[in-house]
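Okay, structure first, notes after.
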2 protein chains.
Amino acid sequence: MPMDHPPSRTPARVKDRPTWLISRTFARSSGLLAAGFESYGRGLRSYHYRLLAALDEWGPASQADLGRGTGIDRSDVTAALSELESLRLVERSVDPEHRRRNIVTITPAGVEQLLELDNVIDGIQEQVLKPLTHAQRRQFIALMVKLLAAEDESSKG
Amino acid sequence: MPMDHPPSRTPARVKDRPTWLISRTFARSSGLLAAGFESYGRGLRSYHYRLLAALDEWGPASQADLGRGTGIDRSDVTAALSELESLRLVERSVDPEHRRRNIVTITPAGVEQLLELDNVIDGIQEQVLKPLTHAQRRQFIALMVKLLAAEDESSKG
DNA sequence: AGCAAACGTTGGTCACACCAACAATTGGTA
DNA sequence: TACCAATTGTTGGTGTGACCAACGTTTGCT
């Protein structure tokens with residue numbers, strides 16, 4: 001048997017690379033989020049949460065605007081809204097001024113669910129960042145913001 | 001039309017959260033990796049690369065050990081190795097001492113492909129981290145390492 | 001009036017991650 | 001030695017997030 005000692009978890013060439021570290025950090029983060037959604041989210045997932053958040057913050061909106069505003073693909077907006085509607089967390093009606101469009105509105109139950117999810121998700125931020133000091137947390141966040149701001153600049157260019 | 005101004009890309013409650021920032025950072029990182037693999041990788045993806053890296057570093061190994069060593073599920077190890085084998089980047093033979101097992105070996109062509117991919121992936125580290133100074137890069141990496149090391153501790157606990 | 005664009009819906013794919021079931025082989029124990 | 005549980009590799013499946021194509025209907029512009 002050629003492998004006569006247990007290998008390290010990750011080949012050395014892979015494990016120190018930033019792209020790998022980012023992916024493992026994301027895996028941990030999304031794993032905790034998925035667990036949180038599963039425990040408290042009544043089958044809701046990230047897409048649902050983002051759409052509820054958008055509706056609460058921006059007010060009634062068309063599906064196309066929701067898609068553009070959240071970055072979620074149109075077909076996924078449709079699918080997630082159908083699920084939210086069946087849970088009575090949103091309502092959809094045809095826009096009388098533009099009959100091609102639906103106007104989507106969050107319901108009071110939707111607002112309530114959003115606040116619950118906020119709490120869950122806030123707790124998960126704590127969990128994800130637990131190993132870091134408060135200063136390190138601010139640092140980590142600032143670095144990611146910088147990474148992403150540069151991308152925003154280049155995509156607007 | 002209720003939304004009479006273009007909303008920001010992301011609802012405010014979402015956009016400053018570490019889990020969101022991590023996911024966008026990952027999306028950017030994996031997008032660049034996917035583009036790199038597509039341009040230079042002959043249809044190979046992350047799983048393939050990780051398996052080639054493991055074989056090059058650890059030497060011939062059983063599939064089960066490869067799966068344990070890289071964290072890739074058994075069925076995905078099988079699928080990826082089948083693809084690598086069909087490209088003649090690895091060879092598989094039955095272990096004569098343990099006829100339930102295959103021994104997987106990287107081929108010279110596999111080593112060559114791995115080195116090419118190394119170059120591509122190294123370039124992508126540069127791209128991903130481009131907005132940060134060198135000191136910030138070291139910082140970012142150290143923070144992620146700390147986050148992940150704590151997880152390693154808790155999963156060994 | 002005609003045509004292109006927009007909208008929402010339906011259907012599809014991909015990558016990564018994970019799980020279930022099965023047949024064959026091996027190792028350990030009674 | 002026989003039996004049974006564990007291991008191995010294969011085949012098949014699901015979920016999430018992300019993305020794309022095609023279609024019929026409605027709207028806006030020339």
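All values reported here derive from a predicted model rather than from experimental measurement. Quick note on labels: first sequence line is chain A, next is B, and so on, each numbered from 1.
Counting any heavy atom pair closer than 4.0 Å across all strands shown, B/Arg99 reaches sugar-phosphate atoms only and no base atom. Note on B/Arg45: only backbone sugar-phosphate atoms sit closer than 4.0 angstrom, heavy atoms only; bases stay farther off.
A straight line from NE2 of B/His98 to P of C/dA24 spans 17 Å, rounded to a whole angstrom. One atom, CG of B/Leu33, and another, P of C/dA15, lie 14 Å apart when rounded to the nearest Å. We find that CD of B/Gln63 is positioned 13 Å from C1' of D/dT11, with the value rounded to whole Å. Atom CD in B/Glu83 sits roughly 11 Å away from atom P in C/dC14 (whole-Å rounding). Atom pair A/Arg74:CZ and C/dG12:P shows a separation of 17 Å (rounding to whole Å applied). Atom pair B/Leu66:CG and D/dT10:P shows a separation of 12 Å (rounding to whole Å applied). Put simply, CZ on A/Arg28 is 15 Å from P on C/dC18, counting in whole angstrom units. In this structure, the CZ atom of A/Phe26 is 11 Å from the C1' atom of D/dA18, given to the nearest Å.
Position along DNA chain D of the nearest nucleotide to A/Ser46 versus A/Pro96 favours A/Ser46 as the more 5'-ward residue.
One donor-acceptor pair, N or O on each side, does fall under 3.5 Å between the base of C/dC18 and the side chain of B/Asp76. Counting atom types as modelled, B/Asp73 pairs a side-chain N or O with a base atom of C/dC19 as donor and acceptor under 3.5 Å. No donor-acceptor contact under 3.5 Å links the side chain of B/Ser75 to the base of D/dG9. With hydrogens and angles ignored, a donor-acceptor pair under 3.5 angstrom links the side chain of A/Arg100 to the base of D/dT26.
A close approach under 4.0 Å does occur between a side-chain nitrogen or oxygen of B/Arg50 and OP1 or OP2 of C/dA17. Checking the phosphate oxygens (OP1, OP2) of C/dT9, a side-chain nitrogen or oxygen of A/Thr78 falls inside 4.0 Å. Of the side-chain N and O atoms in A/Arg24, none sit less than 4.0 angstrom from OP1 or OP2 of C/dC16.
A donor-acceptor contact shorter than 3.5 Å is absent between the side chain of A/Ser29 and the backbone of A/Thr25.
For the 3.5 Å distance criterion, the side chains of B/Thr10 and A/Arg50 fail to qualify, holding no donor opposite an acceptor.
When distances are taken from the side chain of A/Arg92 to each of C/dT9, C/dC16, C/dG8, the shortest belongs to C/dT9.
With salt bridges taken as basic N to acidic carboxylate O contacts below 4.0 Å, none links A/Glu83 and A/Arg42. Electrostatic pairing of B/Arg13 and A/Asp122 does not count as a salt bridge here, judged by no charged N lying under 4.0 Å from a carboxylate O. A salt bridge is absent between A/Asp95 and A/Arg100: the closest approach of a Lys/Arg side-chain nitrogen to an acidic carboxylate oxygen does not fall below 4.0 angstrom.
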